[in-house]
Amino acid sequence: EGLAAGMVVAGSATGGTKETITDGENGLLFAAEDAVGLAEIVLRLKGDRSLCTRLSQQGIATAVDRFNIEVMVGELERYLQAIVSGASLR
């Protein structure tokens, strides 16, 4: 949601965040439980307006490409087909 709204996204490099954010391209990642790393990102963003603009634009592009209605419905259909057929979801 943050990407779609044009927010600059920073998150810990775990789970779905790591799958969605490519560090330095559409957001910034820090190690889990790394408060210093997060603080460094905040200071970096505060001092670099062009970086914020670029990350915001790339974040919007990511949201449009990966999370549009056609993609999401297709993913849901794939999961439901796998459930019905008894196939593995992995």
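Applying the side-chain hydrogen bond (donor to acceptor under 3.5 Å, both in side chains) test to every pair with at least one member in residues 53-68, sequence neighbours left out, gives these pairs: N26-T62.
Taking 4.5 Å as the limit, every side-chain heavy atom of V9 sits out of range of all side-chain heavy atoms of T17.
Counting side-chain heavy-atom gaps under 4.5 Å among Ile, Leu, Val, Met, Phe, Trp and Tyr, the cluster of V8 also holds L28, F30, L38, I41, V42, L45, L51, L55.
Minimum interatomic distance between I60 and A4 (heavy atoms only, all atoms of both residues): CG1-O, 4.2 Å. The two residues S50 and D48 have their closest heavy-atom pair at OG-OD1, 2.9 Å.
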